[in-house]
Protein chains: 2
Amino acid sequence: MSGSEIRTANCEKILQSATKMFAKVGFAGTRVQSIADDCGLPKANVLYYFKSKKDLYHAVLDQILTLWNSVFDKAEIDDDPAEVLSEYIREKMQLSLERPEASRVFALEIISGAQNIDAYLENELAEWFASRLAVIQSWIDQGKMQPINPKFLLFHIWASTQHYADFSAQIARLNRGELKGEEYEDATEYLVRSILAGCGLKPSE
Amino acid sequence: MSGSEIRTANCEKILQSATKMFAKVGFAGTRVQSIADDCGLPKANVLYYFKSKKDLYHAVLDQILTLWNSVFDKAEIDDDPAEVLSEYIREKMQLSLERPEASRVFALEIISGAQNIDAYLENELAEWFASRLAVIQSWIDQGKMQPINPKFLLFHIWASTQHYADFSAQIARLNRGELKGEEYEDATEYLVRSILAGCGLKPSE
DNA sequence: AAATATATTGACCAGTTGGTCAAGTTTTAA
DNA sequence: TTAAAACTTGACCAACTGGTCAATATATTT
């Protein structure tokens, strides 16, 4: 393994283990030693690549925020709301299924006051949010969907989809086993239908 | 202040401060000293009433779980689903508004694997859940509402209402200020309308 | 009033934790 | 080949934390 490859590979391993740990017990509950154990490196080596636990945490958050990108980013006034919203909800559910730890780290950070992603919330996300509100409002103005407050619709989508990642421990117990395969798809399609119905729409496809 | 009153009053103060702290930084992140500071008692006094931090945490969880009781508990086959579900969603939203810390402590506990409320989830809640599924299914069988999977409906309600407590830091920033008063009521009525529409129902009142 | 139970509190301690460091090894560049 | 840069790692430490305890004070009961 070449030099720069070593760095890349080790950083990746560390980030992966760190994400797992932070998602399970939060920042304060995570031990640098347990991250090291999890990825099979000595603790001092972990702190060689990320100079402090806080640094590592920020790196994990950065990596997670790039996952939030979506088809909805490029939605325009002329697009079909049913199509765009359906796909956005499905994407979000897929993310909850494939990267639940990412969703949980994000949730923990927000619950704890979001101090470490303040800049992200106030800049990138706020901008994204405002532009999406405008698109939804234009769909309403064109009579393509019922008049609802677009803000509440976005919160609604985030809440109901992220729940499947963040609360999977509860869901798994009430369901007597993790939701998976077809049943998870059913949950997805239920959400698509329900949320779209709230906008006076029917799912695409 | 009489003897037993001292105990009651101090326990209450401690529980209140503890809830606040656990909600903000989780179990691992909370310092017994900071709970003591918050309620103006010496640390040794806090540990006199609750013999360990874990004990105190369990007391906080116990207190929170009693809040989960609701009108929906007594819903029957003969009731009107629109009425019952509307009121349940409104209750849940009210709780998110009035006791956000309770919701956050619960969320943190679930995200961390729910090991401390395992018994509650598997007994009380599982029983409640099963009986509510039956009631909803009976409404469907009677043609009172559209055929949806009752499980997903309950998850949907929990997710979308608790979100306003758990993610209020994010909401406040995107909204440029906390949702409150009329705007919070608007959010509530949006959710009622939207979720009911997903069941082919219209809000009561 | 005396005896007993309950409550208060500063001082203390053992275990843990994030982070440092210096000595060594491996990889890269000249 | 050799010098420099990058990487590895055990040993170490200062700061912090949950929890104990003994001494004292206050309230309750007899």
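Hydrogens, waters and symmetry mates play no part in the numbers below; they use all other heavy atoms, side chains included. Proteins come first, then strands; the chains are lettered A, B, ... in the order of their sequence lines, and each starts at number 1.
- For B:Ser52, whose side chain is taken as the heavy atoms from C-beta onward, the closest listed nucleotide among C:dA7, C:dT27, D:dG19 is D:dG19.
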Each nucleotide N or O in nucleotides 11-16 of chain D that has a protein N or O under 3.5 Å away: list the pair and distance.
none

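- Remark: C1' of C:dG18 and CG of A:Asp37 are 15 Å apart, rounded to the nearest angstrom.
- The interatomic distance linking A:Leu47 (CG) with C:dT17 (P) rounds to 14 Å, in whole Å.
- Taking B:Glu189 as the reference, B:Arg90 meet the side-chain hydrogen bond (donor to acceptor under 3.5 Å, both in side chains) condition, with sequence neighbours excluded.
- Across D:dG19, C:dG19, D:dG10, the shortest atom-to-atom separation from the side chain of A:Pro42 is found for D:dG10.
- Computed from coordinates, the A:Ile6 CD1 to C:dT27 P distance equals 6 Å when rounded to whole Å.
- Summarising the geometry, the separation between CZ on B:Arg7 and C1' on C:dT6 is reported as 8 Å, rounded to the nearest angstrom.
- Between B:Thr19 and the options B:Leu61, B:Ile14, B:Val60, a side-chain contact (heavy atoms from CB on, under 4.5 Å) holds for only B:Val60.
- Between B:Phe22 and B:Tyr57, the angle of the ring planes goes over 60°, which puts this pair in the perpendicular group of the 30/60° scheme.
- C:dA7 atom P lies 13 Å from atom NZ of B:Lys13, rounded to whole Å.
- In this structure, A:Trp68 has its ring center closer than 6.0 angstrom to the ring center of A:Phe106.
- We find that B:Arg7 and B:Glu5 are not joined by a salt bridge, their nearest charged nitrogen and carboxylate oxygen being 4.0 Å or further apart.
- At a threshold of 4.0 angstrom between heavy atoms, the contacts of B:Ser34 with the nucleic acid are absent.
- Within the structure, a side-chain polar atom (N or O) of A:Asn10 is placed less than 4.0 Å from OP1 or OP2 of D:dT8.
- Sequence order on DNA chain C of the closest nucleotides to A:Gln33 and B:Val46 puts B:Val46 first from the 5' end.
- Straight-line distance from the CE atom of B:Met21 to the C1' atom of D:dT17: 16 Å, rounded to whole Å.
- D:dC7 atom P lies 15 Å from atom NZ of A:Lys51, rounded to whole Å.
- Contacts of B:His163 classified as side-chain hydrogen bond (donor to acceptor under 3.5 Å, both in side chains), with partners at least two apart in sequence or in another chain: none.
- Between A:Tyr190 and B:Phe152, the two ring planes are tilted [angle within 30° to 60°].
- Distances were taken from every side-chain heavy atom of B:Lys53 (C-beta onward) to each of C:dG18, C:dT8, D:dG19; the shortest belongs to D:dG19.
- Neither OP1 nor OP2 of C:dC21 sits under 4.0 Å from any side-chain N or O of A:Tyr48.
- Here C:dG18 presents its P atom at 20 Å from OH of A:Tyr49, a figure rounded to the nearest Å.
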